[in-house]
Structure formats: C-alpha cells, structure tokens
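Everything below concerns the one structure shown next.
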Amino acid sequence: MGIQKICCIGAGYVGGPTCSVIALKCPNICVTVVDRSQERIAQWNSEKLPIYEPGLDDVVKKCRGVNLFFSTDIHTGIQEADLIFISVNTPTKVFGNGKGRAADLKYVEGAARMIADIANSNKIVVEKSTVPVRAAESILNILRANNKPGVSYQILSNPEFLAEGTAIEDLLHADRVLIGGEDTPEGQLAIEELCKVYEHWIPRKNILTTNTWSSELSKLAANAFLAQRISSINSLSAVCEATGADVSEVARAVGLDSRIGSKFLQASIGFGGSCFQKDILNLVYICECLNLPEVANYWQQVIDMNEYQKSRFSNKIVESLFNTVSGKHIAILGFAFKKNTGDTRESPAIHVCKTLLIEGAILHIYDPKVEHDQIMADLTHPSVTEEPEVIRKTVHIYDNAYEAAKGAHALVVCTEWDEFMALDFHKIYQVMMKPAYIFDGRKILNHDALLKIGFHVQTIGKRIQRPIQARLWGSRVQT
Ligand code: NAD
Ligand code: UDX
C-alpha cells in the first residue's frame with residue numbers, strides 16, 4: 001500500500017517546511033503536522049506563518065487544507081499515521097549531567113511516550129530531530145517497553161540538512177537525503193517505504209541509506225565540518241587584520257582549490273543559529289563520554305574560536321570609539337543570525353549587543369524580519385542582563401535603518417540582509433554624529449564608497465584606510 005498518512009510531531013523550523021514540501025510533492029499522501037503549542041498551530045493556520053522562510057508561504061497556500069494540515073490533535077494525528085516524524089527541539093541541557101553540552105532529549109522522549117500511549121497499529125517512527133548517536137535505541141526501548149499486542153515499530157534516522165533562509169530550496173533540491181535503519185528485513189522494508197516518499201522528487205541516487213548510528217553521527221559530523229570551516233576562516237581573519245592580508249582574497253584563493261571548495265568560507269562576526277553550537281557541544285560531550293578527550297578538545301576549539309570572534313568584533317567597536325561607548329548611541333543593523341530568517345537563536349548580534357550594553361551604550365536596533373518583542377526578549381534574558389528594566393530603557397527598536405541611524409555615533413552591521421547594501425549612506429551620514437563609524441561585521445558594504453562619504457570603516461579580516469576627508473585634513477583620528 002505504501003505510506004498514505006504521515007504525522008509530524010513538532011511544527012517548528014524543520015517540521016513545518018519539511019512537511020509542507022512533502023505535501024507539495026506527494027499529493028497522494030496526507031500530511032498532518034501536530035504541535036502542543038496552540039499558538040504555533042494557530043499561526044500555521046493563519047495568513048502570517050510563525051516563521052519567515054522565502055517560498056514557504058506559497059507552498060503552504062497550495063497544500064493547506066488539501067493534503068497538509070496543522071493541528072493540536074496529536075492523538076488523532078498519531079493514531080491515523082503510517083509514518084511519524086519526530087521533529088521536536090533538542091536543545092542543549094541547562095541543568096544536571098552534561099549541563100551546557102549534552103542534548104536535552106526530554107522532548108524526543110516525550111514524543112516517543114506519546115506514540116507508545118496512543119498508537120494501536122504498526123508505525124514507522126522517524127527521528128528527524130538532531131540527536132546524539134544511539135538515540136534511536138532509547139526511542140525503541142520506550143516504544144517496545146510499552147508495546148501493545150499486535151503493534152510493532154520500526155525506528156529510522158532521517159536527519160534534516162536544510163538551512164534556514166533557504167529551507168524550501170534546500171528541501172526541493174537536497175544534495176542528499178540520508179536514511180538510517182536496522183539491518184533486518186523489517187528495518188530494510190521501513191527504509192524502502194521512506195525512500196519511496198522522497199523519490200517523489202529526489203533522484204534515487206541522492207538517497208543514501210546507512211545503518212542507524214552512521215546516520216545519526218553523520219548529521220552531527222556535517223554540522224561540525226561546516227562550522228569548522230567558518231571558525232577556520234574567522235581565525236585567519238584575525239591574522240589578516242594584523243598583517244594587511246585581506247580575508248576575502250585569502251578565502252577566494254583557498255576556495256578555488258576544488259579539493260577545498262568555496263562554500264562556508266565567508267568570514268563573519270561568528271556563526272549563530274540553533275544548530276551549530278548545540279550540535280558541536282553535543283559531539284564534544286559524546287566524545288568525552290566515550291573517553292576520547294583529544295577528539296573532544298579538537299571539536300571544542302571550533303566553539304572557542306567562534307566565541308573569540310564574537311568578542312573580538314565587539315571589543316573592536318568599543319576600542320575604536322575611543323575606548324568608551326558609555327552614553328553613546330549605536331545603531332545595530334540586523335539582529336537575526338543570518339539573512340532571510342527572523343530566527344535569533346544564538347545570533348551573534350546578541351553577543352555584540354550584550355557587550356555594548358554592559359559598556360553603557362544606548363542601542364538603536366533594526367532588523368527587517370525579527371519581531372520587536374523577540375529582540376527585547378533576547379536582550380532582557382537572564383543570560384544577558386540582571387537588570388531587564390534598564391535594558392528596556394536603553395534599547396530602542398526601529399522599523400527602518402534610517403530611523404535607527406539618527407543621532408548614532410556608530411552603525412554596526414550584524415546580519416547580511418540584502419537591503420543594507422542598497423541603503424543611501426549619504427543620507428545616513430547626514431543624520432549621524434561625527435565622526436561617524438561603520439563596523440561591517442558581514443563584509444557586505446562598499447567600503448571605498450563609505451570612506452569617500454566620510455565614514456570611518458572597520459570590517460572583518462581587512463585593514464581599512466582612514467576616511468578620505470580625514471586623510472586630506474591630516475586628522476589624527478584613528479580608524
Ligand atoms: P523548534 O523549536 O522550531 O520546533 C520544535 C517544536 O516541537 C516546537 O513547536 C515545540 O512546541 C514542539 N514540541 C516539543 N515537544 C513536543 C511534543 N511532545 N508534542 C508536540 N510538539 C512538541 O525546533 P526546530 O528548529 O524545528 O528543530 C527541530 C529539530 O530539528 C532539532 O533537533 C534541531 O536540531 C533539528 N534541526 C533544525 C534545523 C534548523 O535549521 N532549525 C535544521 C536541521 C535540523
Ligand atoms: C545549519 C546547516 O547549514 C544546516 O545544514 C543544518 O541543517 C542546520 O544548521 P543554519 O544554521 O540554518 O543551517 O544556517 P547556515 O547557513 O549554516 O548558517 C549558520 C551560521 O553560520 C550563520 O550565523 C551564518 O551567518 C554563519 N556563516 C555561514 C558564516 O559566518 N560564514 C559562512 O561562510 C557561512
């Protein structure tokens with residue numbers, strides 16, 4: 001018969017887009033995405049979806065109410081499904097054993113227990129959440145320990161590789177789909193069923209099947225490799241600033257080697273997002289538990305370098321502004337962890353803002369897609385401040401970059417939104433305090449043009465000359 005009904009537990013950044021694309025490409029399959037958050041489900045059923053993702057609105061509009069449903073009725077969703085994706089969050093543990101490093105599997109366990117309670121027919125249960133190696137074993141233990149007569153389960157690992165901001169494209173044209181399962185006839189049959197779902201749009205040669213543990217580890221490994229490239233180029237950005245080399249030129253020269261490749265070599269203020277740090281910390285923890293301290297230390301360095309990069313950039317702002325930002329107005333352009341998303345999880349902008357707030361700055365923040373409440377929630381979080389009331393008075397959030405720049409001593413680009421490249425910097429220069437500084441944490445602006453206008457410009461991985469005017473006038477102002 002094949003898979004006719006799919007239920008996805010978790011209507012987040014992964015569950016929502018993934019199931020929308022499955023519904024689009026598999027009109028014969030009924031896909032229900034369930035979540036215990038009523039608010040999130042209501043948003044998925046509204047005109048304004050809970051996440052901003054280019055192309056997502058169109059896909060949801062085409063399928064919603066046809067073969068794609070968003071519901072809080074978890075019971076019916078699970079009961080009717082042939083195949084269930086577990087797509088819940090797996091954040092870093094904040095207490096107990098492995099605090100700050102291990103993945104907290106309480107939501108995955110919760111989902112497994114719900115399935116065990118509710119299911120009364122055979123199910124293929126698919127781990128889509130990113131989990132530590134051998135997590136499938138725990139899920140299976142929960143399911144089998146609560147087995148009802150006549151109900152059997154197959155557990156598959158099918159990690160998701162989409163990146164936010166390009167999720168729909170990534171899902172439609174995935175480099176590969178990875179499916180891990182048990183090396184038994186039943187396991188192989190389950191793998192085959194899931195393959196058939198993806199084969200509606202992914203060529204079979206791009207669907208990779210492995211054993212369960214390889215699949216689980218490959219997801220952590222892929223994120224670790226990607227983040228490692230960013231930390232590597234960011235480490236060299238510091239060398240460039242100290243020597244006069246230009247990190248963009250170095251990245252291009254290095255990346256043109258076909259063995260290395262050009263992607264993920266963009267020096268930045270550090271990587272953010274809900275995955276890289278969490279997954280590498282998880283890998284580090286697993287290595288420690290396996291008594292492999294050298295391996296753990298190796299991957300920990302990727303995180304340490306990222307912290308260094310965020311601090312280095314933040315400190316550079318303070319140092320350049322005559323070593324004090326107390327009482328100074330600083331415009332922050334971009335708060336999301338990357339462009340084309342409204343997600344702020346682990347955004348490096350939070351680190352930059354925190355440093356500036358500790359130093360007494362007044363912040364003017366603008367981001368095209370992040371909700372104002374989200375920015376305030378992030379900056380009043382206990383990990384950022386013990387005085388949320390003070391923050392509410394010193395952080396001002398604006399609806400456009402020009403308003404944010406008014407009266408600012410400096411402008412800091414934290415996210416590489418395309419619209420920032422098209423800003424009228426003559427206009428911005430007029431409304432800023434002088435000397436006017438720009439710190440381009442994403443290397444997206446035309447620095448020569450900014451210098452000509454009169455800005456002092458600093459960026460990542462490149463020494464920049466003083467503004468043209470300042471040089472002509474023999475100014476002693478540092479850049
Ligand atoms: P998310 O926080 O956006 O969504 C998770 C959803 O699960 C939430 O809406 C939550 O309410 C729901 N949930 C939790 N427990 C539940 C339960 N018992 N019943 C019903 N709903 C429940 O998380 P996300 O960003 O979608 O990530 C999900 C998983 O996918 C994580 O393991 C993450 O590491 C992995 N992943 C994320 C990305 C990404 O770009 N965000 C990419 C690849 C993989
Ligand atoms: C990442 C992985 O790319 C994806 O495969 C996985 O499924 C989830 O984690 P995501 O975090 O959504 O995706 O975005 P990504 O494009 O990887 O960017 C992560 C961070 O790295 C962002 O802060 C981004 O700005 C930064 N980055 C990326 C760089 O600093 N330089 C680069 O060259 C690339």
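Keep in mind that the numbers below use all heavy atoms, side chains included, and drop hydrogens, waters and symmetry copies. None of these values were measured; they are calculated from a predicted model. In each ligand, atom 1 is the first atom listed, and ligand 1 is the first ligand listed.
Not a single heavy atom of Glu346 sits less than 4.0 Å from an atom of ligand 2. Close to ligand 2: Arg442, with a non-hydrogen atom less than 4.0 angstrom away.
The nearest heavy-atom contact from the protein to atom 20 (C) of ligand 2 is Gly272 O, 3.5 Å. Atom 16 (O) of ligand 2 has its closest protein heavy atom at Lys338 NZ, 2.7 Å. Scanning the protein heavy atoms around atom 30 (O) of ligand 2, the nearest turns out to be Ser268 OG, 2.6 Å. Shortest contact from atom 1 (C) of ligand 2 to any protein heavy atom: Phe276 CE2, 3.5 Å. Phe337 CE1, 3.5 Å is the protein heavy atom nearest to atom 11 (O) of ligand 2. Nearest protein heavy-atom neighbour of atom 33 (O) of ligand 2: Gln266 N, 2.9 Å. Of all protein heavy atoms, the one closest to atom 12 (O) of ligand 2 is Glu164 N, 2.8 Å.
Using a 4.5 Å cut-off on side-chain heavy atoms (C-beta onward), Glu307 and His351 make contact.
Look at Glu137 and Arg134 and you find a salt bridge, because one of the NZ, NE, NH1 or NH2 atoms lies within 4.0 Å of a carboxylate O, short of that distance. The residues Asp418 and Lys339 are annotated as salt-bridged, a charged nitrogen and a carboxylate oxygen being separated by less than 4.0 angstrom. Classification of Lys5 and Asp82 as a salt-bridged pair fails, no side-chain N sitting under 4.0 Å from a carboxylate O. Salt bridge Lys316/Glu241: present, at least one basic N to carboxylate O contact under 4.0 Å.
Side chains of Tyr308 and Gln301: no donor on one and acceptor on the other come within 3.5 Å. Under 3.5 Å, the side chains of Lys369 and Thr341 contain no donor-acceptor pair of N or O atoms. Under 3.5 Å, the side chains of Asp378 and Gln374 contain a donor-acceptor pair of N or O atoms. If you check the side chains of Ser121 and Lys123, you find a donor sitting under 3.5 Å from an acceptor.
For residues 241-280, the pairs satisfying ring-ring contact (aromatic ring centres under 6.0 Å, His included) are Phe271-Phe276, with sequence neighbours left out. Residue pairs satisfying the ring-ring contact (aromatic ring centres under 6.0 Å, His included) criterion with at least one member in residues 70-92, sequence neighbours excluded, are listed as follows: Trp44-Phe70.
Residue-level proximity to ligand 2 for Leu265 is carried by the backbone, the only part with a heavy atom below 4.0 angstrom. Neither the backbone nor the side chain of Arg229 comes within 4.0 Å of ligand 2, counting heavy atoms alone.
Aromatic ring pairs are classed by plane angle as parallel below 30°, tilted from 30° to 60° and perpendicular above 60°; the pair Tyr198 and Trp201 is tilted. Under the 30°/60° scheme for interplanar angles, the aromatic rings of Tyr52 and Trp417 are found to be tilted.
Below 4.0 Å from some heavy atom of Asn223 lie the following atoms of ligand 2, by number and element: 2 (C), 4 (C), 6 (C), 9 (O). Near Leu226, meaning under 4.0 Å from any of its heavy atoms, are these atoms of ligand 2: 3 (O). Taking every non-hydrogen atom of Glu160 and a distance limit under 4.0 Å, the qualifying atoms of ligand 2 come out as 7 (O). Close contacts of ligand 2 with Lys219, meaning ligand atoms under 4.0 Å from a residue heavy atom, involve 6 (C), 7 (O).
Around atom 27 (N) of ligand 2, the closest heavy atom drawn from Ile230, Asp175, Val14, Thr166 belongs to Ile230. Residue nearest to atom 17 (O) of ligand 2, selected from Tyr13, Phe161, Phe264: Phe264 (by heavy-atom distance).
For Arg345 and Phe337, the positive end is not near the middle of the six-membered ring at less than 6.0 Å and at most 45° from its axis.
Residues meeting the ring pair (Phe, Tyr, Trp, His ring centres under 6.0 Å) test with Phe69, sequence neighbours left out: none.
Residues lining ligand 1 at a heavy-atom distance below 4.0 Å are given as Ile9, Gly10, Gly12, Tyr13, Val14, Asp35, Arg36, Arg40, Ile74, Ser87, Val88, Asn89, Thr90, Tyr107, Met114, Ser129, Thr130, Glu160, Leu162, Glu164, Lys219, Ser274, Cys275, Lys278, Arg345, ordered by chain and residue number.
For ligand 2, the polar-atom distance check against Gly273 finds no nitrogen or oxygen pair separated by under 3.5 Å. Between Cys275 and ligand 2, not a single N/O pair is under 3.5 Å apart.
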